[in-house]
Amino acid sequence: LVKIAGRAEIPGRPLLYETTRNFMDHFGLRNLGELPNADELRRIPLPAASAQVSAHPESPRPLSQESREATGQEERAGVRKIQEEERPQ
């Protein structure tokens with residue numbers, strides 16, 4: 001929907017973004033003049049965030065308590081192993 005258009009000529013050289021044709025088509029806009037200005041955007045109430053978990057197959061699923069405990073044990077064991085390997089002999 002947006003693409004990198006370059007960098008601003010100010011300290012830090014932040015990226016500049018521009019809309020794509022897909023953006024315009026998706027939102028039913030004929031030109032950028034149809035976009036709301038900053039004042040209009042401030043008056044529009046934003047939707048509340050939801051705690052829904054995505055059904056997307058690649059999205060991470062919340063871990064069960066048992067999984068979190070097992071993962072923590074594996075991570076601690078990995079740290080111990082690395083520490084043992086780094087000790088001078």
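Quick note: residue numbers are just sequence positions, from 1. Worth knowing before you read on, the calculation uses all heavy atoms, side chains too, and leaves out hydrogens, waters and symmetry mates. Only a predicted model underlies this, so the values are computations on that prediction, with no experimental measurement involved.
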Colleague: What residues form a side-chain hydrogen bond (donor to acceptor under 3.5 Å, both in side chains) with N37, not counting sequence neighbours?
Modeller: none
Colleague: Nearest 0.5 Å, please: how far is CG in N31 from CE in M24?
Modeller: 6.0 Å
Colleague: Any idea which heavy atoms bring E34 and L29 closest together, and the distance?
Modeller: OE1-CA, 3.3 Å
Colleague: How long is the span from the CD1 atom in I4 to the CG atom in L16, to the nearest 0.5 Å?
Modeller: 10.0 Å
Colleague: Could you pull out all residues at least two apart from A5 that satisfy side-chain contact (heavy atoms from CB on, under 4.5 Å)?
Modeller: E18
Colleague: Can you tell me if R30 has over 12 outside heavy atoms packed within less than 6.0 Å of its CZ?
Modeller: no
Colleague: Can you list everything that forms a side-chain hydrogen bond (donor to acceptor under 3.5 Å, both in side chains) with E40? Sequence neighbours excluded, please.
Modeller: none
Colleague: Partners of P47 by side-chain contact (heavy atoms from CB on, under 4.5 Å), sequence neighbours excluded?
Modeller: none
Colleague: For Y17, give me all partners under ring pair (Phe, Tyr, Trp, His ring centres under 6.0 Å), at least two apart in sequence or on another chain.
Modeller: none
Colleague: Say whether, by atom type as modelled, one donor and one acceptor occur between the side chain of T19 and the main chain of V2 under 3.5 angstrom.
Modeller: no
Colleague: Of all residues at least two apart in sequence or in a different chain, which pass the side-chain hydrogen bond (donor to acceptor under 3.5 Å, both in side chains) check with D39?
Modeller: R42
